[in-house]
Asker: 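I'd like to ask some things about the structure below.
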Amino acid sequence: MSKRIAVYPGSFDPIHNGHLDIVEKCRRVFDEVILAVLGNEAKEPVFSLADRVEMIAHQLGDCPDCTVTSFDGLLVDFMEQSKAQIIIRGLRAVSDFEYEFQMALMNRRLNPAIETVFMVPREEYIYLSSRLVKEVFFLGGNLAGLVPDPILERLAEVAKARGRRPTGESL
Ligand code: PNS
């Protein structure tokens with residue numbers, strides 16, 4: 001039987017515990033998981049593409065069946081290059097559904113051999129998003145237990161480079 005390879009695509013700006021929980025769930029179901037990071041300059045990411053890939057690699061550690069890489073262009077093209085059949089997306093709330101449903105149907109239209117599988121993170125992460133992580137961090141909120149410590153340290157470096165304390169005050 002061929003290997004079941006799943007691709008978990010996203011901006012991951014930055015990765016948080018909700019994402020890592022999905023990776024753990026994928027590992028139980030698939031033979032291999034590839035985290036595929038999109039540059040997404042239109043979203044004006046806080047972290048460069050190289051930094052996001054490096055931060056994720058650090059979080060994955062020596063996980064034997066997980067890899068991280070960047071991609072550009074169409075996700076279905078990346079899937080084909082990676083010989084992967086399954087797209088993983090995290091589904092948190094009803095508000096995610098419309099956007100996710102559109103993407104799943106468009107990806108199926110572009111390549112009917114590819115399936116999208118939705119995974120639901122643990123309840124404690126269900127409201128978590130990278131956008132909220134950045135907003136709360138830069139306004140000085142406590143993210144302990146929601147974001148790995150090394151990622152919090154990187155966020156602090158960004159805050160410092162921007163001349164801001166994590167509380168949002170100017171230095
Ligand atoms: O974490 P995000 O920003 O919600 O992830 C969105 C992502 C990267 C999955 C989506 O923008 C994507 O797949 N982009 C690649 C370009 C593409 O294939 N677009 C058509 C999707 S139907």
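Given the structure is predicted, the values throughout are model-derived calculations rather than measurements.
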Asker: Determine yes or no for a side-chain-to-main-chain donor-acceptor pair under 3.5 angstrom, with D21 supplying the side chain and N17 the backbone.
Answerer: no
Asker: For the side chain of D13 and the backbone of V46, is there at least one donor-acceptor N/O pair under 3.5 Å apart?
Answerer: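 Pair found, side chain donor or acceptor close to backbone of V46.
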Asker: Please name the pair of heavy atoms, one in P121 and one in G18, separated by the smallest distance, quoted to 0.1 Å.
Answerer: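 Looking at all heavy atoms of both residues, the closest pair is CB-O, 4.3 Å.
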Asker: Between atom CZ of R122 and atom CD1 of I22, what is the distance when rounded to the nearest 0.5 Å?
Answerer: 11.0 Å
Asker: Could you tell me the separation between the NZ atom of K83 and the CD1 atom of I5, rounded to the nearest 0.5 Å?
Answerer: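 Here the rounded value is 8.5 Å.
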Asker: Which residues pass the ring pair (Phe, Tyr, Trp, His ring centres under 6.0 Å) test with F71, sequence neighbours left out?
Answerer: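 Listed in chain order: F78.
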Asker: Once rounded to the nearest 0.5 Å, what's the spacing between atom CD1 of I34 and atom OG1 of T69?
Answerer: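 Output value for this atom pair is 8.0 Å.
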Asker: Between atom CG of L49 and atom OG of S11, what is the distance when rounded to the nearest 0.5 Å?
Answerer: 10.0 Å
Asker: Report the C-alpha separation of I151 and I15 in whole Å, then their side-chain angles, then the decisive distance to 0.1 Å, and conclude whether the side-chain contact (heavy atoms from CB on, under 4.5 Å) test is met.
Answerer: CA-CA 8 Å; I151 306 292; I15 193 159; 3.8 Å; yes
Asker: Suppose the criterion is salt bridge (Lys or Arg N to Asp or Glu O under 4.0 Å): which pairs have a residue in residues 96-114, not counting sequence neighbours?
Answerer: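 Salt bridge (Lys or Arg N to Asp or Glu O under 4.0 Å) check on residues 96-114 returns R89-E100, R92-D96, R108-E115.
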Asker: Should L75 and V33 be regarded as members of a common hydrophobic cluster, given that ILVMFWY residues are connected when their side-chain heavy atoms come within less than 4.5 Å of each other, either directly or indirectly?
Answerer: no
Asker: Do the non-hydrogen side-chain atoms of I88 and V23 ever get within less than 4.5 Å of each other?
Answerer: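 In short, these two side chains do not touch, never coming nearer than 4.5 Å.
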Asker: Could you walk me through whether Q85 and I114 pass the side-chain contact (heavy atoms from CB on, under 4.5 Å) check?
Answerer: CA-CA 5 Å; Q85 312 85 5; I114 289 171; 5.6 Å; no
Asker: Using the rule given for side-chain contact (heavy atoms from CB on, under 4.5 Å), can you reason through E24 versus H19, listing the C-alpha separation, both sets of side-chain angles and the distance that settles it, and then say yes or no?
Answerer: CA-CA 9 Å; E24 268 314 300; H19 294 129; over 6 Å; no
Asker: Can L152 and L143 be said to form a side-chain contact (heavy atoms from CB on, under 4.5 Å), step by step?
Answerer: CA-CA 8 Å; L152 291 177; L143 290 166; 3.9 Å; yes
Asker: Mind listing the closest non-hydrogen atom pair of S2 and D31 along with its distance?
Answerer: O-OD2, 4.4 Å
Asker: Any idea which heavy atoms bring G39 and P45 closest together, and the distance?
Answerer: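 Scanning both residues completely, I find the closest heavy atoms to be O-CG, 3.8 Å.
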Asker: Testing the basics here: between V136 and N142, what is the closest heavy-atom pair and its distance to 0.1 Å?
Answerer: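 Shortest heavy-atom contact: CG1-N, 4.5 Å.
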Asker: Around D72, counting heavy atoms of other residues, nucleotides and ligands shown, do more than 12 lie under 6.0 Å from its CG?
Answerer: no
Asker: For residues 54-66, which side-chain donor-acceptor pairs fall under 3.5 Å, sequence neighbours excluded?
Answerer:
residue : atom : partner : partner atom : Å
E54     : OE1  : R154    : NH1          : 3.0
E54     : OE1  : R154    : NH2          : 3.2
D65     : OD2  : R27     : NE           : 3.1

Asker: So, taking the atom named CG in L38 and the one named OG in S70, what distance separates them when rounded to the nearest 0.5 Å?
Answerer: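 Going from the CG atom of L38 to the OG atom of S70 covers 9.0 Å.
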Asker: Quick check: do N111 and E80 have side-chain heavy atoms less than 4.5 Å from each other?
Answerer: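 N111 vs E80: side chains touch.
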Asker: Flag yes if F47 and F137 sit in one hydrophobic cluster, no otherwise; membership is Ile, Leu, Val, Met, Phe, Trp, Tyr, and two members link when side-chain heavy atoms are under 4.5 Å apart.
Answerer: yes
Asker: Can you find a pair of side-chain heavy atoms, one from V29 and one from M119, that are under 4.5 Å apart?
Answerer: yes
Asker: Is it possible for you to say whether F97 and M103 belong to one hydrophobic cluster, with membership spreading through side-chain heavy-atom contacts below 4.5 Å?
Answerer: no
Asker: Using 30° and 60° as the class boundaries, would you call the ring planes of F12 and Y8 parallel, tilted or perpendicular?
Answerer: perpendicular
Asker: Nearest 0.5 Å, what's the CD-NZ distance between E32 and K3?
Answerer: 4.0 Å
Asker: Any salt bridge between R131 and E135, counting N to O under 4.0 Å?
Answerer: yes
Asker: G145 and Y125: which non-hydrogen atoms are nearest, and at how many Å?
Answerer: O-CE2, 3.6 Å
Asker: Is it the case that one hydrophobic cluster holds both V7 and V53, taking links as side-chain heavy atoms less than 4.5 Å apart, direct or via other members?
Answerer: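 Different clusters.
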Asker: If two hydrophobic side chains count as joined below 4.5 Å and joins carry through other members, does I87 share a cluster with L74?
Answerer: yes
